[in-house]
Amino acid sequence: MENKNDKTQLLGMTPEELGAFFKEQGQPAFRAKQVFAWLHQGVPFEKMSNLPKVLRETLEETCIDNPVSVIETIQSRLDGTIKLLYRLPDDHVIEGVLMRYKYGNTLCLSTQVGCRMGCKFCASTLDGCARSLTPAEMLGQIVCANGILAGQGEGQKVGNIVLMGSGEPFDNYDNVVKFLRILRMEGGLCIGMRSVSLSTCGLVENMRRFAEEDLPVTLSLSLHAPNDEIRRKTMPIANRYSMDEILSACRYYIEKTGRRVIFEYALVHGVNAAPEHAAELASRLRGMQCHVNLIPLNAVPERGLQGVSEREVDAFRKVLEQRNISVTRRREMGDDIEGACGQLRRRYLKDQRPNEKE
């Protein structure tokens, strides 16, 4: 049986790296530009028509064009959102969400197989982190999504990326940075950094390091609490970094990039959703170039956490607005297809391992 793990993932190479690769194969330098374009269009080696037949056959034997394949798609009847389940070369499974908006298509993609951050409201972290994804595996998710859009005859492509699937992007720092650099390159997917959002739970050193990378993405911070005491109840990372340290890193990112920071705030009944929590949050964020995105919790039965009522959401939002904090309630997408991060993957794994105990 063919072992795809042993094959070279060309999709994660820059044109310069591809040039060096083809030089070693005794091929002319221009092959790099040709193959780079084909790979990002989702074209398999056998159909790269301007390559010699012998080279195509060699590439099929030794390399992999896209290390990501789609196992399953589920489309929402409510809003057209598509949940994607992907398989990787080592048979690990990840997921993504393709969302349709008036301004274009947005793909939520994963950066790791699972997550080791342990946030109690997130299903992605329940089985821990198996491994980090390569740049090719991140790019491959976009290529697959573009293939699905093309198959629906819409003539559309993914135009916006949110790194909010499973995994902590800054826990896979080098691969994520390389992915972002390739993402914006001419001749490839060519998606600009202002069309990318990256979500972190707050790895302070890497937040500050990332501010220096000249990759001005929108930084989204999973805050979910107005103070350290509450944050520690649901986010283990809060035992490592205080809110003061995290907010200082956010201010540094704003200063270096000129981009506002988005604070993600999952409202959990009885934990962080009272009006006094909103008032405390506003006092911490006063004067910062930021926006708060309120997320009514998708209940996580394994954690015993409950969602909130619309009345609680409105009351929380009004307190922030009264204190001049920019705030919106996140639009629910794919409610009928297990739209929350990690849910589809967990169902799939449970179906594959029916005899395992929860």
Residue pair Leu10, Phe45: steps toward the side chain to side chain contact (heavy atoms under 4.5 Å, CB included) verdict: CA-CA 11 Å; Leu10 295 188; Phe45 294 132; 3.9 Å; yes
State, to 0.1 Å, how close [X] and [Y] come at their nearest heavy-atom pair, and which atoms those are.
{"X": "Ala249", "Y": "Arg208", "result": "N-NH2, 3.8 Å"}
{"X": "Cys201", "Y": "Leu221", "result": "C-CD1, 4.3 Å"}
{"X": "Ala225", "Y": "Ile230", "result": "CB-CG2, 3.8 Å"}
{"X": "His92", "Y": "Ala130", "result": "CE1-CB, 3.5 Å"}
{"X": "Cys108", "Y": "Gly165", "result": "SG-N, 3.4 Å"}

Do [X] and [Y] sit in the same hydrophobic cluster, where Ile, Leu, Val, Met, Phe, Trp and Tyr count as joined when their side-chain heavy atoms come under 4.5 Å apart?
{"X": "Leu215", "Y": "Phe170", "result": "yes"}
{"X": "Val319", "Y": "Met288", "result": "no"}
{"X": "Met99", "Y": "Tyr103", "result": "yes"}
{"X": "Val204", "Y": "Tyr252", "result": "no"}
{"X": "Phe30", "Y": "Met13", "result": "no"}

Measure from the side-chain N and O atoms of [X] to the backbone N and O of [Y], and report whether any donor-acceptor pair falls under 3.5 Å.
{"X": "Ser195", "Y": "Ile191", "result": "no"}
{"X": "Asn172", "Y": "Leu133", "result": "yes"}
{"X": "Glu24", "Y": "Phe21", "result": "no"}
{"X": "Ser220", "Y": "Ser199", "result": "no"}
{"X": "Asp228", "Y": "Met243", "result": "yes"}

Parallel, tilted or perpendicular: rings of Phe210 and Tyr253 (30°, 60°): parallel
Given Val176, Asn175, Ile94, Leu198, the one that forms side chain to side chain contact (heavy atoms under 4.5 Å, CB included) with Thr111: Val176
Chi angles and distances behind the side chain to side chain contact (heavy atoms under 4.5 Å, CB included) call for Leu39, Asn66: CA-CA 7 Å; Leu39 290 169; Asn66 187 349; over 6 Å; no
Nearest 0.5 Å, what's the [atom1]-[atom2] distance between [X] and [Y]?
{"X": "Gln34", "Y": "Leu51", "atom1": "CD", "atom2": "CG", "value": "5.5 Å"}
{"X": "Leu139", "Y": "Ile161", "atom1": "CG", "atom2": "CD1", "value": "9.0 Å"}
{"X": "Leu247", "Y": "Asp244", "atom1": "CG", "atom2": "CG", "value": "7.0 Å"}
{"X": "Asn146", "Y": "Gln41", "atom1": "CG", "atom2": "CD", "value": "10.5 Å"}
{"X": "Gln112", "Y": "Leu163", "atom1": "CD", "atom2": "CG", "value": "11.0 Å"}
{"X": "Ile142", "Y": "Leu11", "atom1": "CD1", "atom2": "CG", "value": "9.0 Å"}

Is it true that the side chains of [X] and [Y] contain a donor and an acceptor less than 3.5 Å apart?
{"X": "Ser166", "Y": "Glu95", "answer": "no"}
{"X": "Ser76", "Y": "Thr81", "answer": "no"}
{"X": "Trp38", "Y": "Asp65", "answer": "no"}

Ionic contact status for [Y] with [X], cut-off 4.0 Å:
{"X": "Glu280", "Y": "Arg323", "answer": "no"}
{"X": "Lys7", "Y": "Glu61", "answer": "no"}
{"X": "Arg329", "Y": "Glu310", "answer": "yes"}
{"X": "Glu57", "Y": "Lys53", "answer": "yes"}
{"X": "Arg131", "Y": "Asp91", "answer": "no"}
{"X": "Asp314", "Y": "Arg311", "answer": "no"}
{"X": "Arg209", "Y": "Glu205", "answer": "no"}
{"X": "Arg100", "Y": "Asp79", "answer": "no"}

Test side chain to side chain contact (heavy atoms under 4.5 Å, CB included) applied to Arg184 and Arg194, step by step: CA-CA 10 Å; Arg184 67 179 178 182; Arg194 292 183 179 272; over 6 Å; no
Side chain to side chain contact (heavy atoms under 4.5 Å, CB included) evaluation trace for Val327 with Phe316: CA-CA 10 Å; Val327 58; Phe316 198 97; over 6 Å; no
Stepwise salt bridge (Lys or Arg N to Asp or Glu O under 4.0 Å) check, Glu255 with Arg251: CA-CA 6 Å; Glu255 176 190 332; Arg251 290 187 174 92; over 6 Å; no
Quiz: residues 259-277 side-chain donor-acceptor pairs under 3.5 angstrom, not counting sequence neighbours:
residue : atom : partner : partner atom : Å
Arg259  : NH1  : Pro216  : O            : 2.5
Arg259  : NH2  : Thr218  : OG1          : 3.0
Glu264  : OE1  : Asn293  : ND2          : 3.2
Glu264  : OE1  : Arg330  : NH2          : 2.9
Tyr265  : OH   : Asn272  : O            : 2.8
His269  : ND1  : Glu312  : OE1          : 3.4
His269  : ND1  : Glu312  : OE2          : 3.1
Asn272  : OD1  : Val268  : N            : 2.7
Asn272  : ND2  : His224  : O            : 2.7
Asn272  : ND2  : Ala266  : O            : 2.8
His277  : ND1  : Ala273  : N            : 3.4
His277  : ND1  : Ala274  : N            : 3.1

Residue pair Arg116, Glu168: steps toward the salt bridge (Lys or Arg N to Asp or Glu O under 4.0 Å) verdict: CA-CA 8 Å; Arg116 66 191 184 109; Glu168 161 57 57; over 6 Å; no
